[in-house]
Amino acid sequence: AMRPGLDDELSDLWVYEFGRGTMTRLTFEGDNGGHIWSPDSRQLIFGSETKSRPHALVAILADGSGTPKLLLNSDERHLPMAITPDGRTLIVRRDKGTGAGQSSAYLTLPLLPDPSAPATPKPLLDSPTAMGPLALSPDGKWAAYESSESGREEIYVVPFPEPNRKYQISTDGGTRPLWNRNARELFFRGRPDMMAIPVDTTPAFR
C-alpha cells in the first residue's frame with residue numbers, strides 16, 4: 001500500500017500488485033494514511049479524516065471490493081500500530097498535544113467479524129511523553145515500541161497483552177522497531193545506524 005502523491009494536500013491509499021504491475025485505488029475522499037495490513041493480507045486498516053469524521057479508523061479489503069468498515073470514530077487522533085496474529089485485536093496509538101507537550105497511549109480495539117457499532121478502545125500502556133511506532137512480535141507475546149520517556153527516543157519491550165514488565169533495548173537512542181519473522185531478533189534505527197539485537201524469550205526475556 002502506498003501514498004503516491006498529494007491532491008490538494010489530501011492523500012489516498014492505493015495498492016500496487018507486483019505480479020501484474022497494476023495499481024488499485026482504495027479511497028476516494030478525505031485524508032487517508034497510517035495504514036497497516038491484516039495478518040492474512042486481505043485487509044488494510046488506516047486512519048481517515050473527512051469533514052464528517054475528523055478522526056476515524058477504517059478497514060477496507062485490499063482488492064477494493066466491498067464496503068469500507070468503520071472501526072473507530074473519535075474526537076482524538078488514533079493511528080493503527082499492529083494486529084495480533086489471530087487477527088482479533090488491533091493496537092492503536094492515541095496522541096494528545098504536540099511537540100514537547102505531547103502525551104501518548106497505546107490501546108487495544110477488538111476486531112469483530114461484523115460489529116453492529118464501532119468498538120471502544122481499552123487502555124494498554126500510556127505515557128506522559130510521546131510514544132512512537134509499536135511492533136508486535138510474530139507470536140503476539142511481546143510488543144516493542146519507541147518512547148521518549150527518558151528524554152530521547154529509545155526502544156522498549158513489554159509482554160503483551162499484560163505489560164507488567166519493561167525492558168530497555170537501545171542504549172544510545174532508537175526509533176522504528178521491527179521484529180524479525182523468526183521472533184529471535186529485533187531491528188531498529190539507531191543513531192545513525194540500523195541495529196539488530198538478538199532476543200531470547202525463554203525461559204525469560206533477555
| Quick one: are L72 and P121 in side-chain contact, heavy atoms under 4.5 Å? | yes
Any side-chain donor paired with an acceptor under 3.5 Å for E154 and S170? yes
Would you say the side chain of M81 lies within less than 4.5 Å of the side chain of Y145, judging by non-hydrogen atoms?
no
**Asked** Do Y156 and S150 come close enough that some side-chain heavy atom pair is under 4.5 Å?
**Response** yes
- Is it the case that more than 12 heavy atoms not belonging to D75 sit under 6.0 Å from its CG atom? no
Tell me, do M195 and I169 make a side-chain contact under 4.5 Å, heavy atoms counted?
-> no
Between M131 and S104 the two heavy atoms that sit nearest each other are N-OG, 3.0 Å
Closest non-hydrogen atoms of Y106 and G132, given as atom of the first, atom of the second and distance, are OH-O, 2.7 Å
**Prompt:** So, do L111 and I45 sit near enough that their side-chain heavy atoms are less than 4.5 Å apart?
**Reply:** yes
Q) Just wondering, do T27 and F46 contact through their side chains at under 4.5 Å, heavy atoms? A) yes
Heavy-atom side-chain contact between L107 and K122 under 4.5 Å | no
- request: Give a yes or no on this: more than 12 heavy atoms of other residues, nucleotides or ligands lie within 6.0 Å of atom CD of E29.
  value: no
- Message: What I'd like to find out is whether the side chain of K166 reaches to under 4.5 Å of the side chain of L125, using heavy atoms alone.
- Response: no
Closest non-hydrogen contact found for L90 with A82 is CD1-O, 3.4 Å
- Query: Does T84 use its side chain to pair, donor to acceptor, with the backbone of G140 at less than 3.5 Å?
  - Reply: no
| message | For R42, I'd like to know if atom CZ has over 12 heavy atoms of other residues, nucleotides or ligands within 6.0 Å. | response | no
Inset, instruction - Return the orientation label for the W142 and F205 ring planes: parallel under 30°, perpendicular over 60°, tilted otherwise. - result: tilted
Smallest heavy-atom separation, A62 atom then L26 atom, equals O-CD2, 3.7 Å
Between S11 and D31, the two heavy atoms sitting closest are N-OD1, 2.9 Å
